Number of protein chains: 2
Amino acid sequence: MPNLDKFDIAILKVLQEDARATNVEIAERVNLSPSPCLRRIRNLEKSGVLRGYRADIDRKEVGLGLTVFVEIKVGRHSRENAMAQQEALLAVPEVVSCFLISGNADFLAEVVVEDLSAYERLLTETLLTMPGVTDIRSNFAIRSIKTGGPLKLPTL
Amino acid sequence: MPNLDKFDIAILKVLQEDARATNVEIAERVNLSPSPCLRRIRNLEKSGVLRGYRADIDRKEVGLGLTVFVEIKVGRHSRENAMAQQEALLAVPEVVSCFLISGNADFLAEVVVEDLSAYERLLTETLLTMPGVTDIRSNFAIRSIKTGGPLKLPTL
DNA sequence: CATATTCGCGAATAATCCTCGGCATTTTTG
DNA sequence: CAAAAATGCCGAGGATTATTCGCGAATATG
């Protein structure tokens, strides 16, 4: 369904750098006139390629100084209830991203909290109390090197 | 330095949901008139709290179907050269986010590529050839549950 | 080859927005 | 307590923008 061409990719690249760029601005940088440019953007939005526009906020500056990568294992019986697990994890606001992964763990969740005590609270009161969870390993981020970097879009 | 109050947080919350919201729109949702609202936004930008605005692009829709969490270990000798390692990882466009973490590994990098063969190429040609790297473990994302979720901003 | 569809361009319209002072109010400072 | 700083509101000018329409070219379709 979503067959992207050269222009679409170019638009996405601009929007990935500055999501607040105006339509005419984008059109210029993509060598397109405003009208078809806007039409493409709307199409990208409706087709689901563009899921939205987010402000990139510095975690530390807003008091969220601790990032933890949490490996979560669930019991065999609850593997079928994976759906429920996902919903539960999705609902946790401290979870910034989450994947079902291969390897030792089942889930890998990126958690962003204020500090260690806040994480302890989240761990004991929320994560560990989730049904089916058998083991949790926490990997603390010591230093952030890159977050929310741009995708390497294909060069058409 | 950055002392955020109730309004700033509210603004950030709006911008986190829709980074393309217009200033008057934000002002309304924050119960502020446009002028001070814009002033605050500019301040947030200049103080570094707001690092930018990014389009949220669906990875799969642009042909990036594989996400891998790569645990990278570096030799003891190169621990001092950690800076160089960071720069190197930062420069890899496939690396969407990267942290120096505690635990078994040294770095945890989130890599987004087209498919398995693309990852193999990246692994053998880029990651494994980085000086100082002693071991790499790849955790493949089977299913994406949440990516780039909003930060849980403090409720002032 | 003819038709239909897609796609980009250009212009005009109408709406929206950003910016800028001036003034009042609150909070901080000495 | 008084002065100063910060902060918000209001209003208007001026610019920019988003959006729509028809036209023409290129491409796909049969």
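Small disclaimer: the values here were computed from a predicted structure and weren't measured. Chain letters run A, B, ... following the sequence lines, proteins first, then strands; residues in each count from 1.
- The nearest whole Å value for the distance from the CG atom in N23(A) to the P atom in dT20(D) is 12 Å.
- With no hydrogens or angles considered, no side-chain donor-acceptor pair links Y53(A) and Q16(B) at under 3.5 Å.
- Closest to the side chain of R39(B), out of dT17(D), dG8(C), dG8(D), is dG8(D).
- Under 4.0 angstrom from either OP1 or OP2 of dT19(D) there lies at least one side-chain N or O belonging to R42(A).
- Residue T22(B) places at least one side-chain N or O under 4.0 Å from the OP1 or OP2 atom of dC18(C).
- Remark: P of dA18(D) and CD of E28(A) are 11 Å apart, rounded to the nearest angstrom.
- Rounded to an integer number of Å, the gap from E25(B) CD to dT16(C) P is 11 Å.
- One can place CZ of R20(B) at 13 Å from P of dC17(C), the figure rounded to the nearest angstrom.
- Note: CG (L44(B)) to P (dT7(D)) measures 12 Å, nearest angstrom.
- Side-chain atoms of S35(B) lie closest to dG11(D) of the nucleotides dG11(D), dG8(D), dC18(C).
- Here the side chains of L32(B) and R40(B) are in contact, with some heavy-atom distance below 4.5 Å.
- Nearest nucleotide to the L32(A) side chain, out of dC9(D), dC7(C), dC9(C): dC9(C).
- Going from atom CG of N43(A) over to atom P of dC7(C) covers 8 Å, rounded to whole Å.
- Using a 4.5 Å heavy-atom cutoff, the side chains of V74(B) and T134(B) are not in contact.
- Checked against dT19(D), dC17(C), dG8(C), the side chain of P34(A) finds its nearest nucleotide in dT19(D).
- Residues F99(A) and F107(A) keep their aromatic ring centres 6.0 Å or farther apart.
- In this structure, L38(A) atom CG and dG10(C) atom P are separated by 16 Å, rounded to whole Å.
- Proximity of S33(A) to the phosphate of dG8(C): no side-chain N or O atom is located under 4.0 Å from OP1 or OP2.
- For F140(A) and Y119(A), the gap between ring centers is short of 6.0 Å.
- dT19(C) atom C1' lies 18 Å from atom CZ of R40(B), rounded to whole Å.
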